[in-house]
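Following: one structure in structure tokens, then a few remarks.
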There are 2 protein chains.
Amino acid sequence: METTIRKEKSVSLSQRAYEELRTKILNNDLRPGRFFLEKELATLLGVSRTPLKEALVKLENEGLIKVQPRHGMQVIPLSADDMAEIYQIITSLECEAVSTIARRGLSNREISQLEETGISMAEALEQDDLQSWARADEDFHRLLLDFCGNTRLKQTVLNYWDISHRARMFTLNLRDKPVNSTKDHQQVIEAIKAKNAEKAVSIHRQHRVNGGAVLVNIIKQYRLDHL
Amino acid sequence: METTIRKEKSVSLSQRAYEELRTKILNNDLRPGRFFLEKELATLLGVSRTPLKEALVKLENEGLIKVQPRHGMQVIPLSADDMAEIYQIITSLECEAVSTIARRGLSNREISQLEETGISMAEALEQDDLQSWARADEDFHRLLLDFCGNTRLKQTVLNYWDISHRARMFTLNLRDKPVNSTKDHQQVIEAIKAKNAEKAVSIHRQHRVNGGAVLVNIIKQYRLDHL
DNA sequence: GTATAATATAATGTATAAGTTAATGTATTG
DNA sequence: CAATACATTAACTTATACATTATATTATAC
């Protein structure tokens, strides 16, 4: 508790503004496309404009928002085309990570960690808990990025996850039950165990291409052009 | 002339600070690893600290610098491992672009544009003009990114090009004459013409993997751990 | 009624002062 | 000589005042 307080005190206002704003964006608390003026946001976050501006520069650089001078900032709405672009990048880089891992191999401990996420996903499905399922699914993908060992690749993918997060969470309940995901993950793990990079990449790519297509189609189907 | 002045006037001080600082970084005008205090940079660029801070936030976000509170900012030195990481990402995303292009095909005009860069590269080699060669080489890669049509993928790759630019320019004169590059490029173009995505990707990947290995090896060989 | 010019307003850019805090220097003690 | 405590200095954070400029509103001319 005390360390939390102390840690909280050491975070600058600009860092706090950044984190709060980013959380609101990812939680769909700020309607995409709507403009928010600097003074509105400063009041909302309880800071002056200087730390707020710093936060806005970071978020714009990360592709989550766009600042239009004199009109304010807006959460960038995501179209189906945007999602297709983003998934193309995520797929490419994750496959690169999978390829690296499969060629190098993983320790038994690392394999266990991956398998545990599959168990969690299956349990979450049994309990009809899509939020837990999504977290376990993300754990799987994140572990792949961790094991790859390329910190910049991981950071780049995480950034694109952020950008697509709202759309992924928004459409979670609109998709069919993700029973295939667990199978795909298991097959990727098997291929990694066998050090079959080509197969691991092929399965993972198909997994991501399918997932991306589902998402893009939902956006088109529901005409959600302001996600 | 007047439009230049007017355009110049409309660029904010923070944008100007960002561009000047970025140019200095890419030109190796600021020694990597050395710290520069905010007030030093503000004086150097002739601005106050507010626009400078904004510039620093952007550059740090782009991975070109690191700001260490109370010590100032430093251009991030690049090690051989860093370059290996960066080239892994560039290679993966460029190959994704090549795959997309080769599967979709290019117009005759687009093919011509690519071939023109090969001509420029050959001419530059004849004249022993490595700077011109480097520009033509970059033109080739940039066109691939343009034709792919994924603006985020292009932006991400350009950002990593930026980060690696200093190392690439620094080592330009330390590498063997890049005669293979022109051949590789030509073969990629031929495979794209034939809509052979697998072949185009394979050649391009090998091209980039080789280029990356050369760079990484030069950094290791010359012990250039502060590039 | 429409187009244009003038004016007012509001949003943002920028500079800088004040406050906070971390780094450094110095003195003291064991 | 090393470790620790304290004082000083310097770097950065933050708030806000002022300047600039883009946008909105109003007035005027045709």
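We name chains A, B, ... by the order of the sequence lines, and we start the count at 1 in each one.
A donor-acceptor pair is defined here as one N or O able to donate and one able to accept, closer than 3.5 Å; such a pair exists between the side chain of A/Glu60 and the backbone of A/Val67. For B/Gln74 (side chain) and B/Phe35 (main-chain N/O), no donor-acceptor pair under 3.5 Å exists by modelled atom type. With B/Ser107 contributing its side chain and B/Glu110 its backbone, the two residues share a donor-acceptor pair below 3.5 Å.
The pair B/Arg34-B/Glu40 meets the salt-bridge criterion, since a charged nitrogen lies less than 4.0 angstrom from a carboxylate oxygen. At a threshold of 4.0 Å, the pair B/Glu20-B/Arg16 counts as salt-bridged, since one of the basic side-chain nitrogens sits closer than that to a carboxylate oxygen.
Look at CG on A/Leu52: it is 14 Å from P on D/dT16, rounded to the nearest Å. In this entry the distance linking CZ of A/Phe36 with P of C/dA10 reads 20 Å, nearest Å. When the P atom of C/dT12 is taken as reference, atom CD of A/Glu54 falls 17 Å away, rounded to whole Å. When the P atom of C/dG13 is taken as reference, atom CD of A/Gln68 falls 12 Å away, rounded to whole Å. Distance CG (A/Leu56) to P (C/dG13): 10 Å, rounded to an integer number of Å. The interatomic distance linking B/Arg49 (CZ) with D/dA10 (P) rounds to 15 Å, in whole Å. Rounded to a whole Å, the CE atom of A/Met73 is 11 Å from the P atom of C/dT12. One atom, OH of B/Tyr18, and another, C1' of C/dG13, lie 19 Å apart when rounded to the nearest Å.
Contacts between residues 38-46 of chain A and DNA chain C, defined by a heavy-atom separation below 4.0 Å, involve A/Glu38, A/Lys39, listed by number.
For B/Phe140, the ring-ring contact (aromatic ring centres under 6.0 Å, His included) partners are B/His185, not counting sequence neighbours.
Checking C/dA11, D/dT14, D/dT13 against the side-chain heavy atoms of A/Leu37 singles out C/dA11 as nearest. The A/Arg70 side chain lies nearest to D/dA22 when the options are C/dG13, D/dT14, D/dA22.
DNA chain D is contacted by both A/Val47 and A/Pro69; A/Val47 maps to the nucleotide lying nearer its 5′ end (nearest heavy atom per residue).
Taking 4.0 angstrom as the limit, A/His71 places a side-chain polar atom (N or O) nearer than this to OP1 or OP2 of D/dT23. Listed pair B/Lys53 / D/dT13 meets the phosphate criterion, a side-chain N or O lying under 4.0 Å from OP1 or OP2. A sub-4.0 Å separation between OP1 or OP2 of D/dT13 and a side-chain N or O of A/Ser14 is absent.
Sequence neighbours left out, the pairs with a member in residues 142-156 of chain B that pass side chain to side chain donor-acceptor pair (under 3.5 Å) are A/Asp82-B/Arg152, A/Glu85-B/Thr151, A/Glu85-B/Arg152, A/Gln88-B/Asn150, A/Tyr160-B/Thr156, B/Glu138-B/Arg142, B/Asp146-B/Lys154.
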